[in-house]
Amino acid sequence: MRVAVIGAGIVGVTSAFELASDGHQVTVFERRGSVAEETSFANAGVMAPGYVSPWAAPGLPAKLLRQLLSRHAPVRLAWPMAAGQLGWMWRWWRACQAPIYATHRERMVRLARYSQQRLQHLRLELQLEHEQSSGYLVLLRRAQELKGARTHLKLLAELGVKFHLLDGTQARLIDPGLNPDLALHAAVHLPDAEVGNCRQFAHLLRGQAQALGAVFRFNRSVDRIDAGSQPLLTHCGTASAEAPQQEAFDAVLVCAALGSPALLRPLGLRLPLLAVHGYSISAPLRQLDSFPDLGPRSGVMDEQYKVAISRLGQRVRVAGSAELGGRLDRMHAATLNTLHKVLDDWYPGCAQWAQAQRWKGARPMLPDGPPVLGPSGAPGVWLNLGHGSSGWALSCGSARVLADQIAGRAPMIDVSGLDRARLSG
Ligand SMILES: Cc1cc2nc3c(=O)[nH]c(=O)nc-3n(C[C@H](O)[C@H](O)[C@H](O)COP(=O)(O)OP(=O)(O)OC[C@H]3O[C@@H](n4cnc5c(N)ncnc54)[C@H](O)[C@@H]3O)c2cc1C
């Protein structure tokens, strides 16, 4: 089949690879000049299936309201408000009910586990190196945080996720770079979780997809999809003024994240996708012979500030914040200060700040949590989008699921509830 993939973020690239490895003729359309130029550019790189869960969680609305005005609030409302933001918040609030949360969480964890298996398989088979490291530590500064984490730990046990609850001393043996002077009440260690460079993986997998015949057309924006047995794409150049072109395919897969609603609205599909902004700072690690353990061994999460710190080769990346509304090209200084503070708290002096890169990205968030995978309802048009805060962790599995569905095969995991039907109403 001739299959068009729209979008070359991590979701589009993994999809292109899986489709090409099934023998399809794949053409990827990307409005940017390369792969992973938008949200997949500088995320935290954490792949911890046990911690992949909806942001619509019981008790969260009240907790966020309490924190909203605090100096280091993990969530903030910014101006201007995004189109559809209030409606999205209403749907998010409704999805915070315990039974809805539990259902979505179970679906997300299942997909995340499958995804990690698929990533590990590809890494081994294709010999990919993407600055990966193993293990994830969730740091609980105070007894109160451990109390709050108990329900989550119970769920991890029920799901069969391997974890160890450690005290501060034990945690420091796992990650000797942790500041010995900072109070650490406890930590949850997930030895099977991992960290990796999402953007680097996208570049490597793009090469593999090309070797299988996939064609990447950069600087091309898709403006319109006409559904049908031979769906038609209208696309035009973004780097130079050219007349729009039309091309027919046997199937079109939309992986355009926040670019998707505009493409799908004319087909009668209204997606409640919201840009939830986040920030990261990446900096080279200082090299000191006298202190080889500078910086994290792999990934850590500061539960109080909801900030992740990851090691990516010889760099450290600190990431966090959820900003609703606001603009992608406007950095909020206080949020960057929080990231600096958390990194300096745990790994003082490890980063060469003068060479730091600051980045702001927009998570493609659906209000209830899981992404949308499968047929769009319009003939010939398929969906792989809305991966929110876990697109890296869910990408390889989502891509394999889509390739199986497009080939008419049953996916290897149960994907019920991940289709578009749940978004109606
Ligand atoms: C601060 C931060 C930290 C994060 N940390 C993690 C983490 O630790 N683990 C994790 O799993 N996830 C994390 N995420 C989330 C993850 O980065 C995203 O879920 C993921 O990158 C989404 O991938 P995507 O391919 O769907 O979107 P994108 O990477 O945004 O790709 C979509 C692509 O589609 C293209 N496009 C859009 N419209 C069109 C069009 N009309 N024509 C042509 N091209 C088009 C865009 O140019 C873009 O390249 C984080 C996100 C942020 C912001």
Side-chain angles (χ1 to χ4, degrees), residues 4-16 27-49 51-52 55 74 108 111-112 115-116 119 136 193-199 201-202 216-225 233-238 252-264 273 275-282 299 301 306-310 312 317-323 328 335 339 358-366 371-372 383-399:
V5 174
I6 307 175
I10 190 61
V11 173
V13 173
T14 48
S15 299
T27 308
V28 183
F29 292 88
E30 169 54 54
R31 63 188 176 189
R32 302 294 208 125
S34 188
V35 303
E37 290 282 292
E38 294 209 350
T39 318
S40 308
F41 188 79
N43 61 33
V46 175
M47 193 172 278
Y51 270 78
V52 169
W55 279 12
M108 290 176 82
L111 181 60
S115 225
Q116 191 185 18
L119 171 100
Y136 187 54
E194 56 184 286
V195 163
N197 187 329
C198 170
R199 176 169 176 255
F201 184 83
F216 283 75
R217 301 186 63 184
F218 293 114
N219 298 311
R220 291 216 74 81
S221 172
V222 175
D223 293 341
R224 184 185 160 89
I225 308 170
L233 287 194
T234 306
H235 53 88
C236 65
T238 52
V252 169
L253 175 57
V254 182
C255 304
L258 291 162
S260 310
L263 291 170
L264 294 166
L273 259 186
V276 177
H277 298 120
Y279 294 73
S280 74
I281 307 176
S282 311
M301 160 65 77
K306 299 283 181 207
V307 166
I309 305 174
S310 0
L312 297 171
R317 178 168 294 163
V318 54
S321 176
E323 182 183 282
L328 192 57
T335 302
L339 299 187
R358 290 164 183 84
W359 173 78
K360 185 174 181 182
R363 303 175 185 90
M365 262 337 226
L366 289 161
V372 172
L383 308 175
N384 189 3
L385 50 89
H387 293 72
S389 60
S390 310
W392 163 233
L394 299 175
S395 55
C396 291
S398 303

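The first residue of the sequence shown is numbered 1, and numbering continues consecutively from there. Atoms within a ligand are numbered from 1 in the order they appear, just like the ligands themselves.
Put simply, the side chain of T39 never gets that close to the backbone of G361: no donor and acceptor are under 3.5 Å apart. With hydrogens and angles disregarded, a donor-acceptor distance shorter than 3.5 Å links the side chain of E30 to the backbone of A8. Remark: side-chain polar atoms of T238 are paired, donor with acceptor, to backbone N or O of R31 under 3.5 angstrom. Side-chain N or O atoms of S40 include none that pairs as donor or acceptor with a backbone N or O of G9 at under 3.5 Å. Formation of a donor-acceptor pair under 3.5 Å by the W392 side chain with backbone atoms of G45 is found in this model.
A362 is linked by a side-chain contact (heavy atoms from CB on, under 4.5 Å) to L258, A275, H277, L328, counting only residues two or more places apart in sequence or in another chain.
Residues of the protein with a heavy atom under 4.0 Å from ligand 1 are I6, G7, A8, G9, I10, V11, F29, E30, R31, R32, E38, T39, S40, N43, A44, G45, V46, R220, S221, V222, C255, A256, A257, G259, L263, G278, Y279, W359, G361, R363, H387, G388, S389, S390, G391, W392, A393, listed by chain and number.
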